[in-house]
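Each remark here refers to the structure printed beneath this line.
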Number of protein chains: 2
Amino acid sequence: IIRVAGISKVYGSGAAEVRAVDDVSFEIPEGDFVSVMGPSGSGKSTAMNIIGCLDVPTAGRYEFWGVDVAGLDHEELALLRRHYIGFVFQGFNLLPRMTAAENVQLPLIYKNVPNSNRRSMALEALESVGLSHRADHDPSELSGGQKQRVAIARALVTEPTLLLADEPTGNLDTTTSSEILDLLQRLNRERTLTIVMVSHEPEFASRAERILYFVDGRITRDGTPREV
Amino acid sequence: IIRVAGISKVYGSGAAEVRAVDDVSFEIPEGDFVSVMGPSGSGKSTAMNIIGCLDVPTAGRYEFWGVDVAGLDHEELALLRRHYIGFVFQGFNLLPRMTAAENVQLPLIYKNVPNSNRRSMALEALESVGLSHRADHDPSELSGGQKQRVAIARALVTEPTLLLADEPTGNLDTTTSSEILDLLQRLNRERTLTIVMVSHEPEFASRAERILYFVDGRITRDGTPREV
Ligand SMILES: Nc1ncnc2c1ncn2[C@@H]1O[C@H](COP(=O)(O)OP(=O)(O)OP(=O)(O)O)[C@@H](O)[C@H]1O
Ligand SMILES: Nc1ncnc2c1ncn2[C@@H]1O[C@H](COP(=O)(O)OP(=O)(O)OP(=O)(O)O)[C@@H](O)[C@H]1O
Ligand SMILES: [Mg+2]
Ligand SMILES: [Mg+2]
């Protein structure tokens, strides 16, 4: 379970101050599938980076499965991310001079998975997003949506407890997006994978059971897709 | 007017051959607003890079406003791009250590616009996408959708004849996307700006008068939004 209380993230000060996230509180029980929506610049990615232990809030409390994250040092945060969290970045963040399969294997290397299993686990993850036929191409040889799907495969290959996906379908056509959402819903149901997904497309965001709606760093609505 | 005949782009050879674009022909009269749609990996960006003179086709003929592009050297292609074409890249392609305003001014520097006008032209372009208040922040301090809008401002600041926008609203919420499409439609009508826009969102792609639908490197449908 994720428990966030009074979280803020402030950049700059005085006239140049930007309150990217402003006093946000919510809980996400294990196995939930939550969508995060809201206008451009409303704090969605900032909140995701805090939940994913990639960024430290300026104020507030964050408990990840009962652990108070503020009390962890750099090493412990990295360990927690590596073992429990899969992250799909809004900008893909693939390494340019490595193939798709090598990019997907990276989290397995950090997690000390034996070398003999890594390639087959990476190909299986790429197969689940429809890209095993491009496993040995590097990002410069892939289209925008193909890169996005490699990033999704990389986030799923370690079979995380929590998947944080920041606009995972932003560059995908409707059919491919729908296939990715089918995959995520299947993992959520069959493996009780907890998912927090940013999506600006209501058609995909409403596949989740719950929507957190951000405006100017605050959550203005929290409820079922129908309510929000 | 853009006239493309029998254009192909092939990568690799033999078993590894990828026909990114495969024998494509179309014409775009001046002042048209055309949307390009199709599944991920279907050749949309490759076609856009060829139209924008950023990439050379493997075969076929391309005439830009009556000029046979194949007959131009590197320098002449760069001159043609700088003076006539604005390009919004799928990955934004902003320079990291420059502010938003400096990024938007870059095409003006290449076009030898006097220094005294550049800052005000850049701020006006940023204002048109709702970001003048973040002009002096660099890309690392901007959200995904804010970066995308800086990239749109940069493409428009030179008042090009042709705007090529590759997924310009991929990271924007519906309201902000709608505002960008309003802006593009206004420039298309008032300044007869010719626009070719890749968009996977039918709601925005149908703002154009015509849709080119790509599948596996070929155009399978070419017609009005209603027909396609
Ligand atoms: N340098 C390259 N080498 C090999 N294949 C390439 C290269 N660049 C692109 N491709 C392939 O060409 C095909 C078309 O790519 P393109 O980027 O044009 O697709 P797209 O329609 O823009 O896709 P998306 O909607 O995902 O952005 C893809 O299958 C892609 O993997
Ligand atoms: N390093 C930084 N310094 C200053 N401001 C920042 C920094 N990083 C983010 N911001 C600002 O914080 C606000 C929230 O950014 P964030 O990336 O969380 O938005 P977002 O909801 O993900 O937007 P988008 O939908 O466009 O991706 C934005 O106004 C952004 O400009
Ligand atoms: Mg974001
Ligand atoms: Mg593309």
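Just so it is clear: chains get the letters A, B, ... in the order the sequence lines come, proteins before strands, and each one is counted from 1.
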Between chain A and chain B, going by a 3.5 Å limit, which atoms form donor-acceptor pairs, if any?
{"from": "Ser40(A)", "atom 1": "N", "to": "Asp173(B)", "atom 2": "OD1", "distance (Å)": "2.8"}
{"from": "Ser40(A)", "atom 1": "OG", "to": "Arg149(B)", "atom 2": "NH2", "distance (Å)": "2.9"}
{"from": "Gln90(A)", "atom 1": "NE2", "to": "Asn171(B)", "atom 2": "OD1", "distance (Å)": "2.9"}
{"from": "Arg149(A)", "atom 1": "NH2", "to": "Ser40(B)", "atom 2": "OG", "distance (Å)": "2.9"}
{"from": "Asn171(A)", "atom 1": "OD1", "to": "Gln90(B)", "atom 2": "NE2", "distance (Å)": "2.9"}
{"from": "Leu172(A)", "atom 1": "O", "to": "His200(B)", "atom 2": "NE2", "distance (Å)": "3.2"}
{"from": "Asp173(A)", "atom 1": "OD1", "to": "Ser40(B)", "atom 2": "N", "distance (Å)": "2.8"}
{"from": "His200(A)", "atom 1": "NE2", "to": "Leu172(B)", "atom 2": "O", "distance (Å)": "3.2"}
{"from": "His200(A)", "atom 1": "NE2", "to": "Glu201(B)", "atom 2": "OE2", "distance (Å)": "3.4"}
{"from": "Glu201(A)", "atom 1": "OE2", "to": "His200(B)", "atom 2": "NE2", "distance (Å)": "3.4"}

Who among [options] has the most heavy-atom pairs with chain A under 4.5 Å?
options: Gly38(B), Gly12(B), Gly170(B); value: Gly170(B)
options: Gly130(B), Gly145(B), Pro202(B); value: Gly145(B)
options: Ala16(B), Gly43(B), Pro39(B), Gly41(B); value: Pro39(B)

**Request:** To the nearest 0.5 angstrom, please state how far the CG atom of Leu54(B) sits from the CD1 atom of Ile85(B).
**Result:**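 The distance works out to 7.5 Å.
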**Spatial distance of atom CG (Leu156(B)) from atom CG (Leu126(B)) [nearest 0.5 Å]** = 10.5 Å
Please examine the side chains of [Y] and [X], heavy atoms only from C-beta on, and report whether any two atoms are closer than 4.5 Å.
X: Ile152(A); Y: Ile180(A); value: yes
X: Val34(B); Y: Ile195(B); value: no
X: Val196(A); Y: Leu212(A); value: no
X: Leu123(B); Y: Val104(B); value: no

**chain B contact via Val198(A) - side chain, backbone, both or neither, heavy atoms under 4.5 Å** = neither
**Complete:** Residue pairs passing the ring pair (Phe, Tyr, Trp, His ring centres under 6.0 Å) test with at least one member in residues 86-107 of chain A, sequence neighbours excluded, are Phe87(A)-Phe89(A)
**Asked** What's the shortest heavy-atom distance between Pro139(B) and Leu95(B), and which atoms?
**Response**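 What the structure gives for the nearest pair is CG-O, 3.5 Å.
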